[in-house]
Participant: 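One structure, as structure tokens, below. Some questions next.
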2 protein chains.
Amino acid sequence: MYDPKPGDRLDSLDTPSMIVDLDIMEENIQKLMLLLKPLAVNIRPHSKTTKSPILAKKLIAAGAKGACVAKLSEAEVMAAEGIEDLLITCEIIGPAKVARLIELFRNHPAIQIVVDSEIGASAIDKALGESGIQEPIQVLIDLDVGLHRTGVAPELALALAQHISTLGHLKLMGVQGYEGHLQHVHGREAREKYCRASMAILVDTATLLRGNGFDIQVVTTGGTGTAEFCATTPGVTEVQPGSFIFMDSDYRNAVGGYFSHSLTILSTVVSKSASERRVTIDAGLKTLTTDSGFAEPKDMPDVTYTPMGDEQGWLVWKEDTPDIPIGARVEMIPSHIDPTVNLHDFYYAHRKGVIEEIWPVATRVLVTGLVVAYLP
Amino acid sequence: MYDPKPGDRLDSLDTPSMIVDLDIMEENIQKLMLLLKPLAVNIRPHSKTTKSPILAKKLIAAGAKGACVAKLSEAEVMAAEGIEDLLITCEIIGPAKVARLIELFRNHPAIQIVVDSEIGASAIDKALGESGIQEPIQVLIDLDVGLHRTGVAPELALALAQHISTLGHLKLMGVQGYEGHLQHVHGREAREKYCRASMAILVDTATLLRGNGFDIQVVTTGGTGTAEFCATTPGVTEVQPGSFIFMDSDYRNAVGGYFSHSLTILSTVVSKSASERRVTIDAGLKTLTTDSGFAEPKDMPDVTYTPMGDEQGWLVWKEDTPDIPIGARVEMIPSHIDPTVNLHDFYYAHRKGVIEEIWPVATRVLVTGLVVAYLP
């Protein structure tokens, strides 16, 4: 049975496999801490990137306060693995999801959630009231600071805070405002300028709420592209970078090389019969995402990648005939790290080519008994 | 615990969830059989679409000869579930994968594989020789009929057949030529014309090989967009359509409405504070793929969808203010069915809104013990 283990060399791994260079990943973590730790903010890395409690714990051990998760199913896995200081950064809507939230909150009372509507806040309050749980759940108001994805408009934040104050089972703790539209603005100067404007909306809203008697302790924001600007904005208390740990080509193109590519997809040349300037590798749409452009072959500047269906893709040489045989291995740098990680089951973490650890992409798998029946 | 069961109504499902309308799916299967069963071809549906042994068995029960899988990990799961008549449609390259193939073949000798290179064929032959298995593995030559993804060039097919005939552990059974580049050609007439040209390459090569003494029993090809043209080409023995069972917007735009959308992603409106003409749903890049355009909201012709990050997307109304509250459900039609299914864990198959069956996306999960540790 194929069963890769720590101690194995990368050479023995089947492909496509998601591999992490531990030296580079650890340097990325150190660099983040070097950048942000001296500043007056908490670091709450967004684990929607890694989907891994093991990595969330490594980040906490390195100095992070806790973890962000995007959604309830991620929080369920993280909490089951002992990570209590969690912020769920997307709104929780609908009876089934609210019921799951209550169940999770019952045993993990430190969990924080966000709301951006009276209807959303009231539904959670009502369910908590019916649950018999006495302790209120910690809530942040999700504020639209320009992304226009979720978040209440700044001018409506006070009314939402006042509504929340009428709900006995919610405890308003702060505000979240994620400037996701600015993470990939090219050029540090432009990115900082736009970020400062978004941060002004966020901090001003926090000030307004405090001025109206609300105890706003948390002002949370920021991603890999903006965390340093957010963290130096007076009034911001917490930042949420995620992608820095692995990086991807889209982030590198926008923010430069302070963080390095620690994660690649190991692939194999499986066919080269079609053309002199082209080979086919075993990495396609089910292995590398395309929403932010195509992946890049590592250390092959004259070669471009094009997906060719679910399981394969082309490597195309600009001029020369490729001196690469069938069976050769190629590392691919993802264009967008979060959805690419989401396509894989395991990380194979290596140091200088020897696997040290294998981490499941644990929050990708739905937590239910049904899957087990299909595993040996 | 959240634990949806047959008998539950769709209303009770959490979102995002992948749902299948059984009436429509069964009609799609019937229509395929109606189209192809009278013709002199075997039907071997491609299960890279469904990634489900349960659905592969339903197709076999409806008249299919067996199943195609794209890769070895899919074959492992299908074979473990009792489906023996399998064709792995992509080349198997590299020592780890060849070792897995041998292990699978040992207990499932009906498996067929494809090769497009001497190096690939020889590696499998050598491993089989060392395994002690006496029976040869059934091999098809993968032929490039115009897609240029994999496949030996037609003029090199005879040399590859001659090479295979020197290998004692491979038994050449036929040829595969997949015209993937033609599946989405718009317009039936153009699609048929190009397909006939590709089929000529395939059938002529089979004839050439027979003329040189090779016993070519299998000539396999075709997808949802071309299967009827392939199946009416004299000399073609087998077709491999996959997407017809669920369909997607990209296929519908190319081939029309003979098959209908049976699979949608059920999502929830989670935010509507940002704009009068826009709401945000809980389906983003980790729920709906974007490689073939964006998904479409079902039965909402004036509304377009745009992904907004990993877990959310916009629905944008052309003119009117949306009369849709937070918490409302929306069904999304995937743009590309195969990689979208690959993002989900389960199918919730319903009839008129009542769940009848729940099918795991079984070949998505790597078959290994490691995952189990992360499930309750």
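Below, chain A is the first sequence line, B the second, and so on; all start at residue 1.
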Participant: Which answer fits B/Ile119, side chain, backbone, both or neither, if we ask what part of it has an atom under 4.5 Å from a heavy atom of chain A?
Facilitator: side chain

Participant: Applying side-chain contact (heavy atoms from CB on, under 4.5 Å), can you list everything that pairs with A/Leu72, at least two apart in sequence or on another chain?
Facilitator: A/Glu76, A/Ile88, A/Ile92, A/Lys97, A/Arg100, A/Leu101, A/Leu104

Participant: Report which part of B/Lys71 has an atom under 4.5 Å of a heavy atom belonging to chain A: side chain, backbone, both, or neither.
Facilitator: side chain

Participant: Quick check: closest heavy atoms across B/Tyr305 and B/Phe294, and the distance to 0.1 Å?
Facilitator: O-CD1, 3.3 Å

Participant: Let me know if B/Ser12 has heavy atoms under 4.5 Å from chain A in its side chain, its backbone, both or neither.
Facilitator: backbone

Participant: Give, as side chain, backbone, both or neither, the part of B/His336 having an atom under 4.5 angstrom from any heavy atom of chain A.
Facilitator: side chain

Participant: Side chain, backbone, both or neither: which part of B/Glu74 has an atom under 4.5 Å from a heavy atom of chain A?
Facilitator: side chain

Participant: Could you tell me whether B/Asp345 and A/Arg364 make a salt bridge, using a distance below 4.0 angstrom between a side-chain N and a carboxylate O?
Facilitator: no

Participant: Quick check on A/Leu156 against chain B: is it the side chain, the backbone, both or neither that has a heavy atom closer than 4.5 Å?
Facilitator: neither

Participant: Please identify, among A/Ala96, A/Gly284, A/Ala99, A/Gly120, the residue contributing the most non-hydrogen atom pairs under 4.5 Å to chain B.
Facilitator: A/Ala96

Participant: Which atoms of B/Ala70 are under 4.5 Å from chain A, going by heavy atoms: the side chain, the backbone, both sets, or neither?
Facilitator: side chain

Participant: What are the two closest non-hydrogen atoms of B/Phe346 and B/Pro360, and how far apart are they?
Facilitator: CD2-CA, 3.6 Å

Participant: If you count heavy-atom pairs under 4.5 Å with chain B, which of A/His181, A/Glu91, A/Glu311, A/Arg329 comes out on top?
Facilitator: A/Glu311

Participant: Tell me, side chain or backbone of B/Asp142 under 4.5 Å from chain A's heavy atoms, or both, or neither?
Facilitator: neither

Participant: Is there a side chain to side chain donor-acceptor pair (under 3.5 Å) between A/Ser271 and B/Asp116? Walk through the geometry before answering.
Facilitator: CA-CA 7 Å; A/Ser271 180; B/Asp116 76 353; 2.5 Å; yes

Participant: Any side-chain donor paired with an acceptor under 3.5 Å for B/Asp291 and A/Thr290?
Facilitator: no

Participant: Would you tell me whether A/Thr289 and A/Thr340 have side-chain atoms, one donor and one acceptor, within less than 3.5 Å of each other?
Facilitator: yes

Participant: Check each atom of A/Asp11 against the heavy atoms of chain B and say whether the ones under 4.5 Å are side chain, backbone, both or neither.
Facilitator: neither

Participant: Report which part of B/Pro95 has an atom under 4.5 Å of a heavy atom belonging to chain A: side chain, backbone, both, or neither.
Facilitator: neither

Participant: With a 3.5 Å distance limit and no angle check, can you tell me whether B/Lys48 reaches the backbone of B/Gly242 through a side-chain donor-acceptor pair?
Facilitator: no

